[in-house]
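Remarks on the structure that follows.
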There are 2 protein chains.
Amino acid sequence: MKVRSVDIGQMASASEVIFEALREAIVKGDLTEGEALRQDRIARMFNVSRIPVREALTRLEEQGLVSTQRYRGAVVTTLSTEEVSEIFEYRALLEPEMLKASVPRMTDEALRRARQIAAAFASEPDSVHWGELNRDFHYALYEAANRPYFLQAINAALDRVDRYSRIQLVMTDGMERARREHEAILAACEARDATRAAELTREHIRGAGRSLVDFLVRSRAERDGTASRASA
Amino acid sequence: MKVRSVDIGQMASASEVIFEALREAIVKGDLTEGEALRQDRIARMFNVSRIPVREALTRLEEQGLVSTQRYRGAVVTTLSTEEVSEIFEYRALLEPEMLKASVPRMTDEALRRARQIAAAFASEPDSVHWGELNRDFHYALYEAANRPYFLQAINAALDRVDRYSRIQLVMTDGMERARREHEAILAACEARDATRAAELTREHIRGAGRSLVDFLVRSRAERDGTASRASA
DNA sequence: ATATTGCAAATTGGATCCAAAAAACAGATG
DNA sequence: CATCTGTTTTTTGGATCCAATTTGCAATAT
């Protein structure tokens, strides 16, 4: 009898493992902006040579999560407030369009899943899994649009600003507000009102962007202020 | 006397050179879809080891220009008609927005440059530099918007579909039509009518997308037809 | 004390070598 | 003849080694 082997998912390559680990660490904010990523150190952490580490860093650079200078190594990218603002404008353009395409095609099953995730938001007001849930929620809404390129673009944008969003969410009332807005967007989807869902999404993103930029401007001004006082 | 060294632009790394060369070859269509990219062969072409070649291929994969399978190497990406269509929708969303932001900020100098490039279109109906000119034209129009992330996103999308566009342009009346539409967009910019310029751009891209997808569907159907006849 | 110069250490980019996997091929078997 | 099987060849992923460059630091000069 032929036993179909179960190895559907290939054993991941070393560089893949490292790439995913670093990517998650950066997105979640465990690696802070400006932090240097030494090839040798990372290689030892994973018990591999520097070669797969370099491949992972190359990919991260291509995604804009780290920036490297020749012979000087890689550091976690720091986004200026202008860049954060631009990325939110970008999301505010793409995501409503995505949702508009998705709503007419969403199955009841997809709506149920989205509602389930929305419920999880309410029950878990701590921010540990917030980013994860946020992704899942948006993914559940956008999935039916069946636009892989759009989805990838949206995810890339999310990756870049996620760590900033997380900081802001816990420091302000952002979490409660996001929960309410998600609820409204989901309700519009359930009512099959694509236009309204898109409009709400646009405002949701614009609002989140504004308050994040605001938060960054203030906290950076303060930091620079104390820094200059300290150095003076 | 202090002589400021002149090496403003660092000597490019080997992987950078290879990356740019392969990228251009793929975008221009010199490397055709599905073509295998052997590390060893490329390494010998550039007189380097496989290491910088692998870095270049990793970057190309991250940009979606090649796709690799573990232990099986890299091939130039083939886009389905659905993917081409989606990328044009994406461009049709981003580029008008970009232009709308750009028009109010365009200097007379920028307009002059754009007009100069538009003139070059007319004088050089051959398609050799068409893609190049097309990029330059759009870049001249979008530059003033001062949105690097949008620009990068647009360029990435252009890179993916450029080689298909080029084929279609020479096979149909696309070149003449594009020239006319560019003229109209530029006129709207010169009249500082951002809304109209954006609308024309959207239709320009939508139209180009439709006719390209149409062209691809037909030429691929024919190819598969002859192929199956040949193999039968 | 501060700026400058000349090593030494740390770090990266690339070359060479080796192991693992896939593809190509040849012979055996139904 | 098609198919299976074992072997050889090709090709990729990763380890180790070396060269080029930057960085840290000490000694010196101003």
Length of the CG-P vector between B:D40 and D:dT9, whole Å: 17 Å
Whole-Å gap separating C1' (C:dT11) and CZ (A:R41): 14 Å
Any A:Q39 side-chain nitrogen or oxygen under 4.0 Å from OP1 or OP2 of C:dG13: yes
Nucleotide D:dT11, atom P - distance to CD1 of B:I42 in whole Å: 12 Å
For atom CD1 of A:I18 and atom C1' of D:dG14, their distance in whole Å: 10 Å
Any A:R38 side-chain N or O less than 4.0 Å from OP1/OP2 of C:dT12: yes
Contacts of B:T81 that satisfy side-chain hydrogen bond (donor to acceptor under 3.5 Å, both in side chains) - sequence neighbours left out: none
Extract all donor-acceptor atom pairs below 3.5 Å that involve side chains of residues 57-65 of chain A and protein atoms in other chains or at least two apart in sequence.
{"unit_1": "A:T58", "atom_1": "OG1", "unit_2": "A:R54", "atom_2": "O", "d": "2.8"}
{"unit_1": "A:R59", "atom_1": "NE", "unit_2": "B:E62", "atom_2": "OE1", "d": "3.0"}
{"unit_1": "A:R59", "atom_1": "NH1", "unit_2": "A:E16", "atom_2": "OE1", "d": "3.0"}
{"unit_1": "A:E61", "atom_1": "OE1", "unit_2": "A:T68", "atom_2": "OG1", "d": "2.3"}
{"unit_1": "A:E61", "atom_1": "OE2", "unit_2": "A:T68", "atom_2": "N", "d": "3.4"}
{"unit_1": "A:E62", "atom_1": "OE1", "unit_2": "B:R59", "atom_2": "NE", "d": "3.0"}
{"unit_1": "A:E62", "atom_1": "OE2", "unit_2": "B:Q63", "atom_2": "NE2", "d": "2.6"}
{"unit_1": "A:Q63", "atom_1": "NE2", "unit_2": "B:E62", "atom_2": "OE2", "d": "2.6"}

DNA chain C-proximal residues of residues 45-68 of chain B, any heavy atom under 4.0 Å: B:V48, B:S49, B:I51, B:P52
Non-neighbouring partners of B:R72 that pass side-chain hydrogen bond (donor to acceptor under 3.5 Å, both in side chains), sequence neighbours left out: B:Q69
Separation of atom OH in B:Y71 from atom P in C:dA21, rounded to whole Å: 5 Å
List, one per line, each side-chain donor-acceptor pair under 3.5 Å for residues 23-31 of chain A, sequence neighbours excluded.
{"unit_1": "A:R23", "atom_1": "NE", "unit_2": "A:D159", "atom_2": "OD2", "d": "3.1"}
{"unit_1": "A:R23", "atom_1": "NH2", "unit_2": "A:D159", "atom_2": "OD1", "d": "3.2"}
{"unit_1": "A:R23", "atom_1": "NH2", "unit_2": "A:D159", "atom_2": "OD2", "d": "3.1"}

Partner set under side-chain hydrogen bond (donor to acceptor under 3.5 Å, both in side chains) for A:E86, not counting sequence neighbours: none
Phosphate-side-chain proximity, A:R72 and D:dT23, N/O vs OP1/OP2 below 4.0 Å: yes
Rounded interatomic separation in angstrom, taking CZ from B:R44 and P from C:dT16: 13 Å
OH-CE distance between B:Y90 and A:M98, expressed to the nearest 0.5 angstrom: 11.5 Å
